[in-house]
Every structure is written in C-alpha cells, then in structure tokens.
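Remember, predicted model here, so these are calculated numbers, not experimental data. All values below were derived from every heavy atom in this structure, side-chain atoms included, with hydrogens, water molecules and symmetry-related copies excluded.
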Amino acid sequence: MTATLLRTAADLHARARTGRRAVVMTMGALHEGHATLIRTARKIAGPGGEVVVTVFVNPLQFGAGEDLDRYPRTLDADVELAGRSGADAVFAPSVDEVYPGGEPQVRISAGPMGERLEGAARPGHFDGMLTVVAKLLHLTRPDVALYGHKDAQQLALIRRMVRDLNFGVEIVGVPTVREEDGLALSSRNRYLSPAERRTALALSQALFAGRDRHAAQEALRARAREVPATRARAEALSAIGESRAAADAHAVATTAGGPAAVRAAARLVLDEAARLDPPLRLDYLALVDPSDFTEIGDGFTGEAVLAVAARVGATRLIDNIPLTFGPFGDAS
C-alpha cells in the first residue's frame, strides 16, 4: 500500500472521505512502535475507512537546550513505512502551515497534571503538546485518534483535554512496543551509542523489577488466603509438612509491600545503573494514579502507572508500565 503525501490542510480536506477516519500523530522518525499504531488504526478504520498519519516536529513542545534541531527527520522513509503499515495518507505540514501567524498567542494549558513529572522536568512541554494536538485534531478532523502508552502522561492529558473541552473524537491508547531486550522503542534510541544503550536497558529492567515484586507479593497474599492462620489449620499443615509455607505466606502478606515495595525494587536497579559507565542519571521514578499523575499511597486500590525518566549521555528517555492494586491480594 502506498501512502499519499499531503503538505496542506486544504489538500487533506479535498480528499474524498468515506467511512471512519483514524489519525496517528507522530513527530516522524517512524519505527515499529508507530507501525503498530498505524496497523491498529487500519483495523479500527476498516477497509472502507481512512488512516492518516501526521508528521510534524512541533517547536512549541521543545524547551531551551532540548533536541529540536537534531530531532531526526526522515520523511521519505516515514511515508514508506506508513504506507506499508496501512496508512492512506501522510499529512506533513510545515511550521507555517500549522502556525500561520507565528507562535500562537492563545494556547491550551495542561493545568496541574501538566506540571508533574514530565511537566516538572520540561516546563511548558505539555502546553505546547496539547496546543498542537488540538490544532491537528481540527486540521485532520478524525473520528478516532491513536496514541502510544509509552507517553502515558501525554495520553492522559490528551484524554482529559478531549473530555474537558468536548472534542468530538475517540481517543485510543496502544500498548508500548519493545525491543527483544525490553528497551521501549523510541525515535531517540538512535542517539545511543552501544555502551549507552546497555545502560539504557536499566529503565525497562527497573520497571520489570517493580512489576515482578508486585506479582510476587500478590501471589503470596493469595496463598495466605488459602491457608488461614488458625491453630487447628496450622497443626494439620504441620502434619503434612506445610507449616513453614503457611507461616511464610502469612508473614509476607502482613509485612510491608504494595507501592513501597514496588518503588524499592525499581529503585535498586536504577541505583546500580547510576554506577555504570556511562552512568544513568535519573530524573524521576514515580508510581502514580493515571487520572491525575499524583503519587499513590500504600492503601491505594485501582489502576496505577510505574513511570521512569532518565538521561544516558545526552539522550533523555522515558518508560512506564501499568499495574493494578486491589484489596488484599486482588491485584495483578
């Protein structure tokens, strides 16, 4: 399948439109993670619908000293990959097309959620991101727009903007795509030297350590529910050699675990990576409520996001995984 390259909104609006339009927004330098988004969009749009991929490096979301000038721009390869993955069109407007009067005087504010984590590390980033997403939604007029879970805070803010400002579009999140070694796919991965890439693996390894600690805790709690701490039960278990297992299960179920243990397991991996050559320099490790990206407490139940951001050499990377905390063992 060959994707049509469009440079102006007028060209996009002139296209005959039937069925649902699904849009995948990118800054280019497309990789398999983007291809997964496009393939998902193709399934949602169906054979009678249309998939549009936007390619636009948005200057509003880059702060002073960030990598706007060196951000990879590979439009020819992007159009080819988009077409192979199922896109009908690639909309790659110029800065003047998106911001015809220069930088916009009226912008969308990300609010308090946009000042946490990534927003604290990159002031103004989310205001710029939401402003361009709003503009691209208006320019492309989709029925559905797809974004990756890897940028979890971005996805949460887009969903909040769409809900709060009554955008008539469905927002779909698509799970993070990873390399075989666990590194989350990112256009910025190409900046990493071989040694830096080895260090960068600590991001996903830390998340997996936190996830595994959580899973182990919940497995032991489930075991504890099956082995009530009564004397009669303990005596019966002792007779068949299971008393130690029962005691261990109850001990673990009643000791400190949950969010604190998840954070501790992840931080241990990151602390070790800080001593590597080259070292990993941590920006943040956070276990948050995805509704507002505030840190969760020990009694929290429901969906959560374990998120990390760090620098390796001159490259800044982010990653996250979802976790679910339930009451006494009902977690995954």
Side-chain angles (χ1 to χ4, degrees), residues 3-15 17 21-31 34 37-38 41 50-83 87-111 114 118-119 122-148 151 153-155 157-162 164-172 186-188:
T4 301
L5 176 61
L6 305 170
R7 291 290 197 170
T8 69
D11 290 340
L12 179 60
H13 297 164
R15 288 174 63 86
R17 180 169 176 176
R21 175 177 284 176
V23 165
V24 175
M25 294 186 186
T26 82
M27 291 205 301
L30 303 189
H31 50 64
H34 298 109
L37 284 165
I38 297 166
E50 182 182 42
V51 175
V52 176
V53 175
T54 69
V55 174
F56 181 66
V57 181
N58 177 35
L60 294 191
Q61 66 194 71
F62 288 80
E66 293 190 337
D67 59 348
L68 173 61
D69 291 339
R70 74 178 186 123
Y71 195 87
R73 290 162 171 84
T74 58
L75 184 58
D76 290 344
D78 293 344
V79 173
E80 182 180 350
L81 184 147
D88 298 288
V90 172
F91 177 49
S94 66
V95 172
D96 288 340
E97 177 74 13
V98 177
Y99 303 121
E103 289 195 4
Q105 297 300 302
V106 177
R107 308 187 187 197
I108 291 179
S109 169
E118 283 299 288
R122 305 175 66 188
H125 166 72
F126 285 127
D127 292 354
M129 179 275 295
L130 289 179
T131 298
V132 79
V133 167
K135 293 206 68 166
L136 288 172
L137 287 174
H138 289 313
L139 290 171
T140 60
R141 303 172 185 174
D143 299 290
V144 57
L146 296 89
Y147 304 88
D151 297 297
Q153 193 172 4
Q154 169 180 283
L155 175 58
L157 282 162
I158 292 171
R159 282 177 165 155
R160 190 61 185 249
M161 176 184 73
V162 165
D164 287 355
L165 301 183
N166 300 103
F167 280 68
V169 60
E170 178 187 356
I171 302 300
V172 173
S186 169
S187 299
R188 290 184 169 94

From the list Thr131, Val133, Asp127, Val132, side-chain contact (heavy atoms from CB on, under 4.5 Å) with Ile108 holds only for Thr131

For Ala29, is there any backbone N or O sitting under 3.5 Å from a side-chain donor or acceptor partner on Arg73?
no

Using side-chain heavy atoms (C-beta onward) and a distance below 4.5 Å, is Met25 in contact with Phe56?
no

So, do Val57 and Leu68 sit near enough that their side-chain heavy atoms are less than 4.5 Å apart?
yes

Main chain of His31, side chain of His34: is a donor-acceptor contact present, judged purely on distance under 3.5 Å?
yes

Distance in Å, Asp143 CG paired with Glu50 CD, rounded so as to fall on 0.5 Å steps
10.0 Å

To check you understand the geometry: which heavy-atom pair defines the closest contact between Leu137 and Pro142, and what is its length?
O-CD, 3.3 Å

Side-chain donor-acceptor contact under 3.5 Å, Tyr71 with Asn58:
no

Could you walk me through whether Thr26 and Asp78 pass the side chain to side chain contact (heavy atoms under 4.5 Å, CB included) check?
CA-CA 10 Å; Thr26 82; Asp78 293 344; 5.9 Å; no

Arg159 and Tyr147, any side-chain heavy atoms less than 4.5 Å apart
no

Got a salt bridge between Asp88 and Arg21, using NZ or NE/NH1/NH2 to carboxylate O under 4.0 Å?
no

Identify the heavy atoms of Ala92 and Leu5 that sit nearest to each other, and give their distance.
CB-CD1, 3.9 Å

Heavy-atom count check: over 12 atoms from other residues, nucleotides or ligands less than 6.0 Å from Asp164 CG?
yes

Short question: side chain of His13, backbone of Thr8 - any donor-acceptor pair under 3.5 Å?
no

Where Leu30 and Val53 come nearest, the two heavy atoms and their spacing
CD1-CG1, 4.5 Å

Roughly how far, to the nearest 0.5 Å, is the CZ atom of Arg160 from the CD atom of Gln153?
13.0 Å

What distance separates Leu130 CG from Arg107 CZ, expressed to the nearest 0.5 Å?
12.5 Å

Donor-acceptor pair, side chain of Thr54 and main chain of Phe91, under 3.5 angstrom:
no

Measure the shortest side-chain to side-chain distance between Ile171 and Leu155 over non-hydrogen atoms and say whether it is less than 4.5 angstrom.
yes

Distance (rounded to the nearest 0.5 Å) between Asp151 CG and Leu157 CG:
11.0 Å

Minimal heavy-atom distance between Ile38 and Ala87, with the atoms involved, is CG2-N, 3.7 Å

Which atom of Ala145 lies closest to which atom of Val169, heavy atoms considered
N-CG2, 3.9 Å

If you measure from CG on Leu6 to CZ on Arg15, what distance do you get to the nearest 0.5 Å?
5.5 Å

Starting at CE of Met161, measure out to CZ of Phe126 and round the result to the nearest 0.5 Å.
12.5 Å

Does Glu103 use its side chain to pair, donor to acceptor, with the backbone of Leu60 at less than 3.5 Å?
no

Just so I know, are the side chains of Met27 and Phe62 near enough to count as touching, which here means a heavy-atom distance under 4.5 Å?
yes

Ignoring hydrogens, what is the shortest heavy-atom contact between Leu12 and Leu139? Give both atom names and the distance.
CD2-O, 3.7 Å

